[in-house]
Peer 1: 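Mind having a look at this structure? Questions to follow.
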Amino acid sequence: MPRETKLRTRTQEGLIEVLALISHPMETGMRKDKATGKIIAAHFVTEMTLEHNDQIVAEVSTGMAVSENPLMGFRLKQAKAGDKVKFSWKDNMGESGQAEAVVEP
């Protein structure tokens with residue numbers, strides 16, 4: 001089942017703020033399943049990329065310390081209404097996701 005990725009833009013303090021929400025368990029590999037007592041395998045986002053009008057403006061390497069269903073925020077100085085933003089991610093188990101949005105006025 002593909003994981004949902006949501007992307008939203010808004011004007012904040014004269015800049016364009018981009019908010020990305022990833023539906024992801026973000027397991028550390030150190031927690032046990034209460035029912036079985038077995039360790040839950042590590043499963044976490046390792047890479048995130050933000051593009052503005054097809055140009056990479058941020059690349060983030062993450063690890064297991066990020067919370068479940070992470071919400072990431074970015075602020076763009078040069079963005080304006082009508083511009084395209086794209087957020088993508090990959091995890092340690094080969095899953096990936098992306099979302100695109102157009103900056104609203």
Side-chain angles (χ1 to χ4, degrees):
M1 173 176 83
R3 302 205 179 273
E4 186 175 18
T5 305
K6 295 180 181 179
L7 192 62
R8 189 176 96 190
T9 65
R10 66 180 180 181
T11 302
Q12 184 78 17
E13 298 176 12
L15 302 172
I16 300 300
E17 184 174 62
V18 179
L19 298 171
L21 177 65
I22 305 168
S23 174
H24 199 283
M26 300 299 284
E27 288 292 345
T28 65
M30 297 182 205
R31 202 167 64 89
K32 289 185 179 180
D33 183 307
K34 290 180 183 177
T36 65
K38 293 183 179 181
I39 293 179
I40 299 170
H43 189 191
F44 54 89
V45 173
T46 57
E47 300 173 28
M48 299 179 193
T49 304
L50 180 68
E51 296 179 35
H52 172 230
N53 290 333
D54 299 320
Q55 297 275 329
I56 294 174
V57 294
E59 291 181 303
V60 179
S61 295
T62 59
M64 63 180 141
V66 176
S67 69
E68 179 180 3
N69 301 324
L71 174 66
M72 303 299 290
F74 304 88
R75 288 189 174 180
L76 301 175
K77 291 181 182 180
Q78 306 299 323
K80 60 187 179 309
D83 286 359
K84 185 176 86 172
V85 290
K86 178 180 172 184
F87 177 80
S88 57
W89 60 270
K90 296 178 184 176
D91 73 15
N92 68 317
M93 292 188 141
E95 289 186 54
S96 62
Q98 69 178 30
E100 294 183 18
V102 174
V103 175
E104 298 196 16

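Since we're looking at a predicted model, the values are computed, not measured.
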Peer 1: Within a strict 4.5 Å, meaning less than it, do heavy atoms of the K6 and R8 side chains meet?
Peer 2: no
Peer 1: If you group Ile, Leu, Val, Met, Phe, Trp and Tyr by side-chain heavy-atom gaps below 4.5 Å, do L19 and V66 land in one group?
Peer 2: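 The answer is no; the residues belong to distinct hydrophobic clusters.
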Peer 1: When rounded to the nearest 0.5 angstrom, what distance separates CD1 in I39 from CG in D33?
Peer 2: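 Rounded to the nearest 0.5 Å, the CD1-CG separation comes to 11.0 Å.
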Peer 1: Consider side-chain contact (heavy atoms from CB on, under 4.5 Å). Of T62, N92, V60, which one does V45 pass it with?
Peer 2: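 Of all the options given, the one that passes is T62.
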Peer 1: With heavy-atom distances below 4.5 Å as the criterion, would you say the side chains of E47 and T49 are in contact?
Peer 2: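 No; the side chains remain at least 4.5 Å from each other.
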Peer 1: If hydrophobic clusters are built by linking Ile, Leu, Val, Met, Phe, Trp and Tyr wherever their side-chain heavy atoms come under 4.5 Å apart, do L21 and L7 end up in the same one?
Peer 2: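 Different clusters.
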Peer 1: Just so I know, are the side chains of V103 and H52 near enough to count as touching, which here means a heavy-atom distance under 4.5 Å?
Peer 2: no
Peer 1: How long is the gap from CG on L76 to CG on L50, to the nearest 0.5 Å?
Peer 2: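 Output value for this atom pair is 5.5 Å.
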Peer 1: In Å and rounded to the nearest 0.5 Å, what is the CD to CE distance from E68 to M26?
Peer 2: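 Going from CD on E68 over to CE on M26, the span is 9.5 Å.
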Peer 1: D91 and H43: side chain to side chain contact (heavy atoms under 4.5 Å, CB included), yes or no, with the steps?
Peer 2: CA-CA 7 Å; D91 73 15; H43 189 191; 2.7 Å; yes
Peer 1: Looking at side-chain heavy atoms only, is the closest gap between M48 and I22 below 4.5 Å?
Peer 2: yes
Peer 1: Check whether more than 12 heavy atoms from other residues, nucleotides or ligands sit under 6.0 Å from atom CD of Q78, and answer yes or no.
Peer 2: no
Peer 1: Heavy-atom distance under 4.5 Å between the side chains of T11 and I16, does that happen here?
Peer 2: yes
Peer 1: Does a sphere of radius 6.0 Å around CD in Q12 hold more than 12 heavy atoms from other residues, nucleotides or ligands, not counting ones at 6.0 Å or beyond?
Peer 2: yes
Peer 1: Looking only at non-hydrogen atoms, find the nearest pair between I56 and E51 and report the distance.
Peer 2: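 Minimum heavy-atom separation between I56 and E51: CG1-CG, 4.0 Å.
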Peer 1: Kindly indicate whether the side chain of W89, heavy atoms from C-beta on, has any atom under 4.5 Å from the side chain of M72.
Peer 2: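 No, too far: nothing below the 4.5 Å cut-off.
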Peer 1: If you measure from OG1 on T9 to CZ on F87, what distance do you get to the nearest 0.5 Å?
Peer 2: 14.5 Å
Peer 1: Identify the heavy atoms of G37 and K32 that sit nearest to each other, and give their distance.
Peer 2: O-CD, 3.5 Å
Peer 1: Just how far is it from atom CZ of F44 to atom CE of M93, taken to the nearest 0.5 Å?
Peer 2: 9.5 Å
Peer 1: To the nearest 0.5 Å, how far apart are CD in E95 and NE2 in H24?
Peer 2: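 That separation rounds to 5.5 Å.
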Peer 1: How far apart are the closest heavy atoms of D54 and K84, and which atoms are they?
Peer 2: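 D54 and K84 have their closest heavy atoms at OD1-NZ, 3.0 Å.
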